[in-house]
Amino acid sequence: MKIVLKNIRKEGYLPGINSYMTQGGYEALKRALKTTPEEILSEIKKSKLVGRGGAAFPTGLKWEFTRKSRELPKYVVCNADEGEPGTFKDRFILEKDPHLLIEAMIICGFTIGAKDGFIYIRGEYFKAYDILQKAIDEAGTNNLLGRNILGSDFSFEIHLYRGAGAYVCGEETALLDSLEGKKGQSRVKPPFPTFAGFNNKPTVLNNVETFVNIPEIVLKGGEWFSQIGSPSSPGTKLYCLSGDVKAAGVYELPTDISLQDLIEKHGNGVCGRLKAVLPGGVSSNLLTSSDLNVKMDYSSIQQAGSMLGSAAVIVINDTHCMVNLAGRCIEFFDYESCGKCTPCREGIKRAREILTNIAQGKGELSDLALLKELQEVMFDTSRCGLGQSALNAVSSCLEKFYGEFKEHILKKKCKLGICSMGKDF
Amino acid sequence: MSLEKYKQEVKKILSEYSIKERALLPCLHIAQEKCGYLTEEIISFLAQELGLPKVEVYSVVTFYSMFSLEKQGEYVIRICVSLPCYLKGSGKILEAVKEELNIEAYQTTADKKFTIEPVSCLGLCDKAPAIMVNRDIYGGLTPQQAKNIIKEYKKIK
Ligand SMILES: Cc1cc2nc3c(=O)[nH]c(=O)nc-3n(C[C@H](O)[C@H](O)[C@H](O)COP(=O)(O)O)c2cc1C
Ligand code: SF4
Ligand code: FES
């Protein structure tokens, strides 16, 4: 079952408009322009599609809120900032099937009544930027963008906008500030972007993968989509397998695939012996071998005590020290915190200090309770998702591999010989 | 690129924006790419042209990791140090590149040819450990391969 990779997985498929047209490209747009925005909305709601960027918010509702907002103009924004470590699915789509995203965004513009769309793309995605720009130009030449699209009275433009290296800009309100030419620091919500987004106007902001599901839903109907995968969050998902797995890569699979099958059948198994898996990247809690039967949909992973997020499935084998690994996770957040709110800015620094001390043989058992407390405070009081989830992976390392931490603290020893136990991290 | 030519480019970009402030990032990107850093002169010019306080331009420049106030090398070597690459040995890649160039992370060689930038995930995790040299991507590296790549760039005059 391929929905978002239906073209890409065909042999010889190229990112140009001719290839796309041969595969039935822009048929969904033609269909959409012949129906009404209400009909499209109704199909998307029926599909039960939820956002693929991490927060799993129902896409139909998001579009409906924006459509109903009175303020004008309205905007469509695509989040192509892909910065979550272990996530590389959006780049894959942007480079290999840019017209699928463009078609989806035009349909979105038609549905909510917007004239302008923006693609906010990671600054380091140089190649994807060039490919997208070319595709946008091609769409313009073919009257798929611009004035009176395909002879209708609907007009729409797409603008490309480059980020400049800041993970936090993937957070939707930080992204909007960055799109407005400012530092990317999160805004207080509410108001949500559906009411006050870009330029404080109603804005639909979706992830690349979310958007590219839309054309097929328009063509085949919401009912069809809702029957695929897990009933609670149907459809397929792009799983990004990385780390100690034999066949790392992007896999499009129905959401009722188990973690075990994903790793064994599709990833060809673990390199070495499995120690832990982060199902939703460094912001999620660790799962271990006893959790392998879990289905890879949002609610099942949550019930298992973690989160799916953007589905950055990072496999960790038993050659890695969890104290050292926790230190690496916190290093990332320390570098990327925007510094706007105190719990995140200061909490991360303290957590990093504590972990550095433990790895140097200078830790104390009471530090572990402190880490747990920090995690709770940061979860409750940080302004955006970065700070709220920054210590998830760390605290689950602690919980599930308590013995390793104890050994570093009491015996001043790293059994795997990875922590310096004296030198800096 | 000369300042005169840059000013013309900025004018061109500004013509596409109804609110001038919105054009700051695109203007900074061009200068960074063409000059290797953002000079005092460029920052003053942009502040004036976009109607922003200079301190605002500075704060934006320092917020984003792709912009810099010091001249970067002709080749910026971005070495991913996020978890999936870490699991695949990015630490050793970073050490190898440092050794090959005889500089530390975030430093630039004396001849202004190379800068080492440890960075967060580059979206190349299926090719871990991964690095980028300017726009070019290299993945699945051993420390020796990383050194060889740098050696090749050294040969470019
Ligand atoms: C720190 C942080 C980083 C994020 N990074 C991304 C990202 O790179 N791409 C993305 O689509 N969503 C990211 N998100 C989620 C967005 O805030 C937002 O929920 C999403 O883009 C909405 O689109 P969707 O409903 O289609 O998922 C991030 C959230 C947080 C808190
Ligand atoms: S939680 Fe962190 S990243 Fe988010 S606003 Fe606060 S300081 Fe910035
Ligand atoms: S973790 Fe290195 S490229 Fe993603």
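So you know, we letter chains A, B, ... as the sequences are listed, proteins then strands, and number each from 1.
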Between chain A and each of B:L52, B:L122, B:L50, count heavy-atom pairs under 4.5 Å; write down the option with the most. B:L122

Just do the side-chain contact (heavy atoms from CB on, under 4.5 Å) check on B:Y64 and A:C169 with the steps written out, would you? CA-CA 10 Å; B:Y64 294 98; A:C169 288; 3.8 Å; yes

Selection from A:Y125, A:Y167, A:F92 maximising heavy-atom pairs under 4.5 Å formed with chain B: A:Y125

Between chain A and each of B:A128, B:S59, B:P26, count heavy-atom pairs under 4.5 Å; write down the option with the most. B:S59

Going by atom type alone, with no hydrogens or angles, which donor-acceptor pairs under 3.5 Å involve a side-chain atom of residues 266-275 of chain A and a protein atom two or more places apart or on another chain?
unit_1 : atom_1 : unit_2 : atom_2 : d
A:K275 : NZ     : A:H320 : O      : 2.6
A:K275 : NZ     : A:E404 : OE2    : 2.7

Can you tell me if B:E41 has over 12 outside heavy atoms packed within less than 6.0 Å of its CD? no

Among B:K88, B:E21, B:M132, which residue forms the greatest number of heavy-atom pairs with chain A at distances under 4.5 Å? B:K88

Flag if over 12 foreign heavy atoms under 6.0 Å of NZ, B:K151: yes

What part of A:F198 gets within 4.5 angstrom of chain B, counting heavy atoms only: side chain, backbone, both, or neither? side chain

Is any NZ, NE, NH1 or NH2 atom of the basic residue among B:K20 and A:E180 found under 4.0 Å from an Asp or Glu carboxylate oxygen of the other? no

Taking everything shown except B:N102 itself, do over 12 heavy atoms lie less than 6.0 Å from its CG? no

Of the backbone (N, CA, C, O) and the side chain (C-beta and beyond), which part of A:L278 lies under 4.5 Å from a heavy atom of chain B, both, or neither? side chain

Less than 4.5 Å to any heavy atom of chain A: does that hold for the side chain of B:L124, its backbone, both, or neither? both

Considering only heavy atoms, which portion of A:R162 lies under 4.5 Å from any heavy atom of chain B: side chain, backbone, both, or neither? both

With chain B as the partner chain, list the residues of residues 78-87 of chain A whose heavy atoms fall under 4.5 Å from it, by residue number, and write 'none' if nothing qualifies. A:G83, A:E84, A:P85, A:G86, A:T87

Would you say the side chain of B:V119 lies within less than 4.5 Å of the side chain of A:E124, judging by non-hydrogen atoms? no

Taking 4.0 angstrom as the limit, do B:R135 and A:D130 come out as a salt bridge? yes

Run the side-chain contact (heavy atoms from CB on, under 4.5 Å) check on A:N324 and B:Y86 step by step: do they pass? CA-CA 10 Å; A:N324 202 279; B:Y86 159 79; 2.7 Å; yes

Heavy atoms only, distances under 4.5 angstrom: which of A:L179, A:T319, A:V282, A:N199 has the most pairs with chain B? Name it, please. A:N199

Taking atom NZ of B:K98 as the centre, report whether more than 12 heavy atoms of other residues, nucleotides or ligands fall under 6.0 Å from it. yes

Hey, are the side chains of A:F332 and B:L83 touching, using non-hydrogen atoms and a 4.5 Å cut-off? no

Flag, side chain of B:H29 to backbone of A:G163, donor-acceptor distance under 3.5 Å: yes

Contact part of A:S178 toward chain B, heavy-atom cut-off under 4.5 Å: side chain, backbone, both or neither? both

Looking at CD of A:E336 and OG of B:S65, how far apart are the two atoms once the value is rounded to the nearest 0.5 Å? 7.0 Å

When A:G181, A:A248, A:G165, A:A164 are compared by non-hydrogen pairs under 4.5 Å with chain B, the top option: A:A164

Between SG on residue B:C125 and CD1 on residue A:I314, distance to nearest 0.5 Å: 7.0 Å

Is the number of heavy atoms from other residues, nucleotides or ligands within 6.0 Å of NZ (A:K115) greater than 12? no

Winner by heavy-atom pair count (cut-off under 4.5 Å) against chain B, out of A:C329, A:G243, A:A247, A:G249: A:G243

Does a side-chain heavy-atom distance below 4.5 Å link A:K182 with B:F63? no

Side chain, backbone, both or neither of A:C240 within contact of chain B (heavy atoms, under 4.5 Å): neither

Does any N or O in the side chain of A:S242 come within less than 3.5 Å of the main-chain N or O of B:D126, such that one atom is a donor and the other an acceptor? no

side-chain contact (heavy atoms from CB on, under 4.5 Å) partner of B:L87, chosen from A:N317, A:V315, A:I316: A:I316

Hey, is NZ on A:K127 packed in by over 12 heavy atoms from elsewhere, all under 6.0 Å? no

